[in-house]
Participant: 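Have a look at the structure that comes next, please.
Fair warning: this is a prediction, and the values are worked out from it, not measured in the lab. What you see below is based on every heavy atom in this structure, not just the backbone, and it leaves out hydrogens, waters and symmetry mates. We name chains A, B, ... by the order of the sequence lines, and we start the count at 1 in each one.
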Number of protein chains: 2
Amino acid sequence: MREDINITEVARKAGVSIATVSRVFNNNGPVKESTRKKIEQVIKETGYRPNILARELAEKKTHLIGVITHSILGEGLPNSIKGITHVIEEKGYNLLIGNTDGQIEKEQKHFEIFQSKRVEGVLFMTRHFTQEHRDVIEALPFPVVVLLQPTEDEKISYVAFDEYRFAQEATRYLLDKGHEDFVFIGGPETSANSLRREQGFKNALTSAGYSLDKERIIHEDYSIEAGYEATKRLVKEGVPFTAMIIANDGMAIGAINALQDSGYSIPRDVSIIGLDDTALAKASRPSLTAIHYSYQDLGKEGANLLLDKIESGNVDFSYKVLPYELKKRGSTEERY
Amino acid sequence: MREDINITEVARKAGVSIATVSRVFNNNGPVKESTRKKIEQVIKETGYRPNILARELAEKKTHLIGVITHSILGEGLPNSIKGITHVIEEKGYNLLIGNTDGQIEKEQKHFEIFQSKRVEGVLFMTRHFTQEHRDVIEALPFPVVVLLQPTEDEKISYVAFDEYRFAQEATRYLLDKGHEDFVFIGGPETSANSLRREQGFKNALTSAGYSLDKERIIHEDYSIEAGYEATKRLVKEGVPFTAMIIANDGMAIGAINALQDSGYSIPRDVSIIGLDDTALAKASRPSLTAIHYSYQDLGKEGANLLLDKIESGNVDFSYKVLPYELKKRGSTEERY
DNA sequence: TAACGGAAGGAGAACGTTTTCATAGGGAGT
DNA sequence: ACTCCCTATGAAAACGTTCTCCTTCCGTTA
């Protein structure tokens, strides 16, 4: 480990002024070849790297993008981050991550930290987008793009999936196969994402003329275990059903295992669709029919939208809804 | 979106000097109650946040920790990051992430960027730790802790798992159950981690008096599909085996599926251990016997070690080897 | 030979903080 | 009334850059 060295030191060693060193490093302004060589020599010897803090202070640009997220676990965020970094690193931006672990207080805290750090924009993920969020974001001196939550007004820009529609489509797929007795397992009731899926599911059923008991809508915490236990409970209570729509594929795997452990055969006795398609879906036996969408694209599109706003200075409302696809696999078949 | 505001502006509005504003914000030095109130009022009205760049430049402290990683996918990194942020946010540090996607050139680039950004320390993950890494790291003006790779000298500090030992232990576990015909599926040959596991495996066999054909050591890319295909190939070639040690649980799931699709029963015909225990392992049927270790602890311990060095200024060599546990599940049994 | 112009490079302001030092005011002790 | 000290505040340097002006030097042109 050696010491930091600054531009003054380099200038002194090379016998020039700091202005000339700056010119060499940034390759702007005229410098005689011989002095350039001498300065480059000193830079190499000393391992000098300009202090970006000072540069950014002078330039009033930090090239920093913040991400605020409620959860860094699961496949979603890592893939989003991959998409984000892919886009921003190309343009010389860096990524700062703020994890809220789902606590609302921490969101505010991270916005403040990011404001202090002079990030140039933020990608924001939360479980539930509220009026309060809107107010906070509008008072911020940098643009914000919300990921995963349609903000439902024409103010805060967002990139999201059409969860209502794909839940509807998944349900219709099984309706078309002759199923009539459905169960829906969603995420926590505080999750706006899960709620939209639930509503898409309900709409598909009611518009096909079916009514729906309350007992057939279950809320769990997205874990494999919760999916397992909830399904075991259904079986034990003797609720009759031949189709399940499950908000994520973890709980869907839990459901498959629970049914198999109870002597049922998938898909002969029960068809199951997961509204989420991670590595688990393909690995399970039977493999899971699932709605596929790309978190990497989510990150990519979110970052593109944000950089647009940053670089153009135009923060007008804009949004993007990303595509999805129903992957038909082994967990669904005709109802006999 | 409103404009940034600075300390001078706040001071002007409150009719005081910037020194007094600074004193109020940092709560150091004496300030009369009435002026404090007035300044706080202005701060609230304007939404003033100090420019941390300027502060850090003045203080020569950035409170920034960098993470350089070769892969942001999978369960490992997110869990590590969770562990890291847990530790560092408590002490007021922030996290900067550099993703190399496994490209060596990018490692150097990220070290340079981080040096420019004046991070105070870096947690470094790479597939293979070399002499060149050593040289680069020793020339850096901040401490570095390597994660997952024992650096095998007394110079660069690290936190890692004892992969040699747990691979050995997993193998012995099956030897003790009477198995004699083993197959090992490892990661890519460039992965030092996989190599250590392979050596632990080999050592267990040879020290039990067994020899080992080359054909029974296979290198794949850690994916479920690769595990599946490799196992199908073994079956097709008629290689006789009753035990598999597999470097990660994704490939192990692939192997289970391949064997089941070929008419074998697990664990009756073949016992399988995964040297890695993610959500997949518990979800599979049969569930996978696996070596469990915590990436979250890896991040936590790495961050602790690094912060120690940063705050004490003592960068002497130190290391930590984290515990693991063999989780006995459904994919292993006695050999008949 | 005088005037001009372009290349090379230096001096110094600016960026927004923290911090050190200086100073004014006022109450207490003599 | 004089000194002393403590509280409250301001002025200005320092952090390490970028960038805008200047100045100097030298070759070209009339």
Participant: For A/Phe124 and A/Phe111, what are the C-alpha separation, side-chain angles and deciding distance, and is it a ring-ring contact (aromatic ring centres under 6.0 Å, His included)?
Facilitator: CA-CA 10 Å; A/Phe124 179 51; A/Phe111 273 123; 5.0 Å; yes
Participant: Sequence neighbours excluded, which residues qualify as ring-ring contact (aromatic ring centres under 6.0 Å, His included) partners of B/Phe317?
Facilitator: B/Tyr319
Participant: Among all residues two or more places apart in sequence or in another chain, which pass the ring-ring contact (aromatic ring centres under 6.0 Å, His included) test with A/Tyr293?
Facilitator: A/Phe161, A/Phe166, A/Tyr295
Participant: Does a donor on one side chain and an acceptor on the other come within less than 3.5 Å for B/Glu107 and B/His133?
Facilitator: yes
Participant: If I take atom CD1 from residue B/Ile84 and atom CG from residue B/Asn79, how far apart are they, to the nearest 0.5 angstrom?
Facilitator: 11.0 Å
Participant: Within the distance-only criterion (no hydrogens, no angle test), does the side chain of A/Thr20 pair as donor or acceptor with the backbone N or O of A/Val16 below 3.5 angstrom?
Facilitator: no
Participant: Using the heavy-atom set of chain B and a strict 4.0 Å cut-off, write down the first and last nucleotide of DNA chain C that makes it in, 5' to 3'.
Facilitator: C/dG16 to C/dT19
Participant: Can you name the residues that form a salt bridge (charged side-chain N to carboxylate O under 4.0 Å, His left out) with B/Arg23, not counting sequence neighbours?
Facilitator: none
Participant: With a 3.5 Å cut-off and no angle check, do the side chains of B/Arg196 and B/Gln149 form a donor-acceptor pair?
Facilitator: yes
Participant: Between the main-chain N or O of A/Arg118 and the side-chain N or O of A/Thr62, is there a donor-acceptor pair closer than 3.5 Å?
Facilitator: yes
Participant: Return the orientation label for the B/Phe25 and B/Tyr48 ring planes: parallel under 30°, perpendicular over 60°, tilted otherwise.
Facilitator: perpendicular
Participant: If you find the nucleotide of DNA chain D closest to B/Gly15 and the one closest to A/Ile7, which residue's nucleotide is nearer the 5' end?
Facilitator: B/Gly15
Participant: Name the first nucleotide and the last nucleotide along DNA chain D (5' to 3') that come under 4.0 Å of a heavy atom in chain A.
Facilitator: D/dG16 to D/dC19
Participant: I need the residues from residues 16-30 of chain A with at least one non-hydrogen atom less than 4.0 Å from DNA chain D; give them sorted by number, or say none.
Facilitator: A/Ile18, A/Ala19, A/Ser22, A/Asn26, A/Asn28
